[in-house]
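One structure is given below, encoded as structure tokens.
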Amino acid sequence: MTMTDTLTSDVIGRRVEVNGEHATVRFSGVVPPVAGHWLGVEWDNPERGKHDGSHEGTVYFKCRHPTGGSFIRPNKVNFGVDLLTAIKNRYVLEGELEEEEEEEIVTIGNKPVETVGFDSVVKQQSQLSKLQEVSLRNCAVNGAGDRGAIAAACPISARSCHMFLCWSPFSILWMLDYSTIADIRSIDLSKNLLSSWDEVVAIADQLRRLEVLNLSENKLTFPSGSPPPSGTFSALNELVLNRTGITWAQVLRCASGWPVLEKLYLESNDIVISERPVDVLQTVKVLDLSSNQLIDENQLLLIAHLPRLEQLILSDIGISSIHFPDAGIGCKTSTFPSLQYLVLNDNQISHWSVISELDKLPSLHALSCARNPLTERGRDAQTTRQHIIARVGQLRTLNKCAVEPEERRGAELDYRKAFGAEWKAAGGHQDPDRDRPSADFLAAHPRYQLLCRKYGAPEDGELKTQQPFRLKNQLLTLKIKCPNELDQEVVEKPLPESMTIQKVKGFLSRLLKVPVAKLLLSYESPKMPGREIELENDQQSLQFYSVENGDCLLVRW
């Protein structure tokens, strides 16, 4: 767009780029006493501006930030390019045509025609025809261009192209097959100059096979009413709207046009979940609401009945509590019925009750909750991990690390032991008929009774306070048995519970005169007869595997 065109068209609300910075035009006109035409812009980065839209006492436009505005001459502003031009610039002309091309003479009827550069054009067009994933991030795209331009660009056969071979190769590019662009499946339009949802619709309306669309960092205005149903986004599976300024009400209004959407990303939009989705977003499996600091636990209940929601990302929303009021102790909630993966990183969770509540989610298998007060503040990372595993019974992955069956067993046994004294003081008893722990204890430890049924109630000997700085109180007396060596007697040895499996192997290598590399260790416990636990990680300790006094180490080679 030329400067003259810009001044004569409606530029208010248009997105522009100036020296790499993005802004929105808020004013167009004269600013006395300085002569000439000016554009008043509000910068995305308010530190880039100088004022709030006022000059010498006159308010020409308003900014959200006192230094968010500037006046700029139109010839300094880039209004961007349409989608076809951006694709041409990004993909077709990336490899410059050779300055000198071989001439080829073809005959059309009785008339010879010169075909300079035609082979290069065909080669570039072939490259374009293969495009299914397009990245136009930060390419100053401002819209679809002329109405129907993409869909109307029909393929031209090589024979009909001979009619234009006397033209320059760059002219031919526009005549060739742009209908192949309509086959695009994925397009990244993040950080461009799109200013309205209508422009997005105009683009998508000509890309009917579009499955993935990224619009992040475009400051978009959205329609005030629900758009009419259409097939514009009939194939759209993934939509990224991070940092676009969209509200929850606008999401719901537009969502009727996303009939098969499965992944929706809404990071950093100051969203408040104001109403429950009704007849929209019912196909969504992944929902990212990260860095929307105004969301609280009550708002989450408004999306709790999305039937197919499997992954919910709530990083950095400032949440400190979660509660499912429909489910009591030991029960499962009817909310979030399909939720398998929950991300709670970088929040304000500081109480174990929040973790215990997550055990009520019926399908939860994976959890990420790093960088919360509960997991920081000098807490031992391994102990914290064990407590989370013990409190959420169905977890298979915690903070992207798999929870193996033996780690779960060790975590639950340690948890059972760690809170055994508290359990007994609250009314717990080894005799099931006399086991009556208080309601307060059960509220604080909802799975404790289940762990007692699973592993047996803790014995009095396990409830004694440990003396961590006295070595004799850390020693385990273990039987050492070699199942495959009938002549090898069973012996008993005291070993520190903090001893790593690697050091245990070193000790056994010296005891049995067998190379360390050949040793395979496992153990069995009288509390779990018939079950053998493999000690497979050389870097972990006996305590990690919940090896206890009187257990039997099984050594094979």
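No hydrogens, no waters, no symmetry mates; every other heavy atom, side chains included, goes into these values. Quick caveat, the model's predicted, so the values are computed rather than measured.
Considering Val240, Ile313, Thr247, Val251 in turn, Val251 is the only one that fulfils the side chain to side chain contact (heavy atoms under 4.5 Å, CB included) rule with Leu266. Asn347 pairs in a side chain to side chain contact (heavy atoms under 4.5 Å, CB included) with only one of the listed residues (Leu374, Asn372, Asp316), which is Asn372.
Under the 4.5 Å side-chain criterion, counting only non-hydrogen atoms from C-beta, Leu413 is not in contact with Lys417. Put simply, the side chain of Thr375 does not reach to within 4.5 Å of the side chain of Asn399, judged on heavy atoms. Annotation: side chain of Ile319 is in contact with side chain of Leu300 (closest heavy-atom distance under 4.5 Å). Residues Arg209 and Gln132 form no side-chain contact, since every pair of their non-hydrogen atoms from C-beta on lies 4.5 Å or further apart. With a 4.5 Å cut-off on side-chain heavy atoms, Ile87 and Ile184 count as touching. Counting heavy atoms from C-beta outward, Val272 and Trp248 have side chains that stay 4.5 Å or more apart. Residues Gln449 and Leu451 form no side-chain contact, since every pair of their non-hydrogen atoms from C-beta on lies 4.5 Å or further apart. Two residues are said to be in side-chain contact when any heavy atoms from C-beta on lie closer than 4.5 Å; Leu361 and Phe324 meet this criterion.
Crowding of His351 atom NE2: a count of heavy atoms from other residues, nucleotides or ligands under 6.0 Å not exceeding 12. Within 6.0 Å of atom CG in Asn19, 12 or fewer heavy atoms from other residues, nucleotides or ligands are found, so the atom counts as exposed in its surroundings. For NZ of Lys76, the number of neighbouring non-hydrogen atoms (other residues, nucleotides, ligands) closer than 6.0 Å is 12 at most.
Ring geometry, Phe419 versus His387: the interplanar angle falls from 30° to 60°, so the pair is classed tilted.
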Give the C-alpha distance, both sets of side-chain angles, the deciding distance and a yes or no for side-chain contact (heavy atoms from CB on, under 4.5 Å) between Glu238 and Tyr265. CA-CA 8 Å; Glu238 178 176 335; Tyr265 298 88; 3.9 Å; yes
Working for side chain to side chain donor-acceptor pair (under 3.5 Å), residues His365 and Gln340: CA-CA 5 Å; His365 298 312; Gln340 299 178 20; 5.7 Å; no
In sequence, state the C-alpha distance, the side-chain angles, and the governing distance for Glu262 and Asn237, and then conclude on side chain to side chain donor-acceptor pair (under 3.5 Å). CA-CA 5 Å; Glu262 294 187 353; Asn237 176 271; 3.2 Å; yes
Are Tyr448 and Phe441 close enough, and set up right, to give a ring-ring contact (aromatic ring centres under 6.0 Å, His included), and what steps lead you there? CA-CA 9 Å; Tyr448 197 87; Phe441 178 84; 5.3 Å; yes
Can His51 and Tyr60 be said to form a ring-ring contact (aromatic ring centres under 6.0 Å, His included), step by step? CA-CA 11 Å; His51 51 73; Tyr60 292 91; 8.9 Å; no
Determine, step by step, whether Gln394 and Lys332 satisfy the side-chain contact (heavy atoms from CB on, under 4.5 Å) criterion, reporting the C-alpha distance in whole Å, the side-chain angles of both residues, the deciding distance to 0.1 Å, and the verdict. CA-CA 12 Å; Gln394 297 179 131; Lys332 298 298 182 183; 3.9 Å; yes
Show your reasoning for whether ring-ring contact (aromatic ring centres under 6.0 Å, His included) applies to His445 and Trp423. CA-CA 9 Å; His445 306 279; Trp423 164 76; over 10 Å; no
Stepwise side chain to side chain donor-acceptor pair (under 3.5 Å) test for Ser315 and Asp346: CA-CA 6 Å; Ser315 295; Asp346 302 294; 5.1 Å; no
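The main-chain N or O of Leu194 is never found under 3.5 Å from a side-chain atom of Asn192 such that the two would form a donor-acceptor pair. No side-chain donor-acceptor contact under 3.5 Å links His22 to the backbone of Glu17. Side-chain N or O atoms of Asn269 include one that pairs as donor or acceptor with a backbone N or O of Gly245 at under 3.5 Å. A donor-acceptor pair under 3.5 Å is absent between the side-chain atoms of Asp326 and the main chain of Thr333, judged by distance alone. A distance-only check finds no donor-acceptor pair linking the side chain of Asn292 to the backbone of Leu294 [under 3.5 Å]. Under a 3.5 Å cut-off, the side chain of Arg408 and the backbone N or O of Leu395 do form a donor-acceptor pair. Checking side-chain atoms of Glu42 against main-chain N and O of Cys63 turns up no donor-acceptor pair under 3.5 Å. Ser363 contributes a side-chain N or O that, together with a main-chain N or O of Pro337, makes up a donor-acceptor pair within less than 3.5 Å. Thr67 places a side-chain N or O within 3.5 Å of a backbone atom of Pro46 that can act as its donor or acceptor partner. Within the 3.5 Å criterion, the main-chain N or O of Leu189 finds no donor-acceptor partner in the side chain of Arg137.
The list of salt bridge (charged side-chain N to carboxylate O under 4.0 Å, His left out) pairs with a residue in residues 264-278, not counting sequence neighbours, reads Arg243-Glu267.
The shortest heavy-atom contact between Phe27 and Val30 is CZ-O, 3.7 Å. Taking all atoms of both residues into account, the shortest heavy-atom contact from Pro223 to Arg253 is O-NE, 3.4 Å. Smallest separation of non-hydrogen atoms from Ser190 and Asn218: CA-ND2, 3.9 Å. For Gly318 against Gln348, the heavy-atom pair with the smallest separation is O-CG, 3.9 Å. Between Glu133 and Tyr91 the shortest heavy-atom distance is O-OH, 4.0 Å. Across every non-hydrogen atom of Ser274 and Leu302, the tightest pair is C-CD1, 4.0 Å.
A distance of 12.0 Å separates NZ in Lys191 from SG in Cys139, rounded to the nearest 0.5 Å. A distance of 5.5 Å separates CG in Leu239 from CG in Leu213, rounded to the nearest 0.5 Å. Summarising the geometry, atom CD1 belonging to Ile389 is positioned 10.0 Å from atom OG1 belonging to Thr397; distances are rounded to the nearest 0.5 Å. Atom CZ of Arg391 and atom OG of Ser353 lie 8.5 Å apart (nearest 0.5 Å). Expressed to the nearest 0.5 Å, how far CG of Asp359 lies from CD1 of Ile329 amounts to 11.5 Å. Between atom CD1 of residue Ile203 and atom CG of residue Asp198 there is a gap of 11.5 Å, rounded to the nearest 0.5 Å.
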Please tabulate, one pair per line, all N/O donor-acceptor pairs under 3.5 Å involving side-chain atoms of residues 279-288, not counting sequence neighbours.
unit_1, atom_1, unit_2, atom_2, d
Gln282, NE2, Val280, O, 2.8
Thr283, OG1, Leu261, N, 3.4
Thr283, OG1, Leu261, O, 2.5
Asp288, OD1, Ser290, N, 2.9
Asp288, OD1, Ser290, OG, 2.7

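In this model, no donor atom of one side chain and acceptor atom of the other lie less than 3.5 Å apart for Arg308 and Ser338. A donor-acceptor pair shorter than 3.5 Å cannot be found between the side chains of Asp440 and Ser438. When only modelled atom types and interatomic distance are considered, Asp205 and Thr232 share a side-chain donor-acceptor pair under 3.5 Å.
With ring centers used as reference points, Trp197 lies under 6.0 Å from Phe233.
Salt-bridge annotation for Arg409 and Glu406: absent, with no side-chain N of the basic residue lying under 4.0 Å from a carboxylate O of the acidic one.
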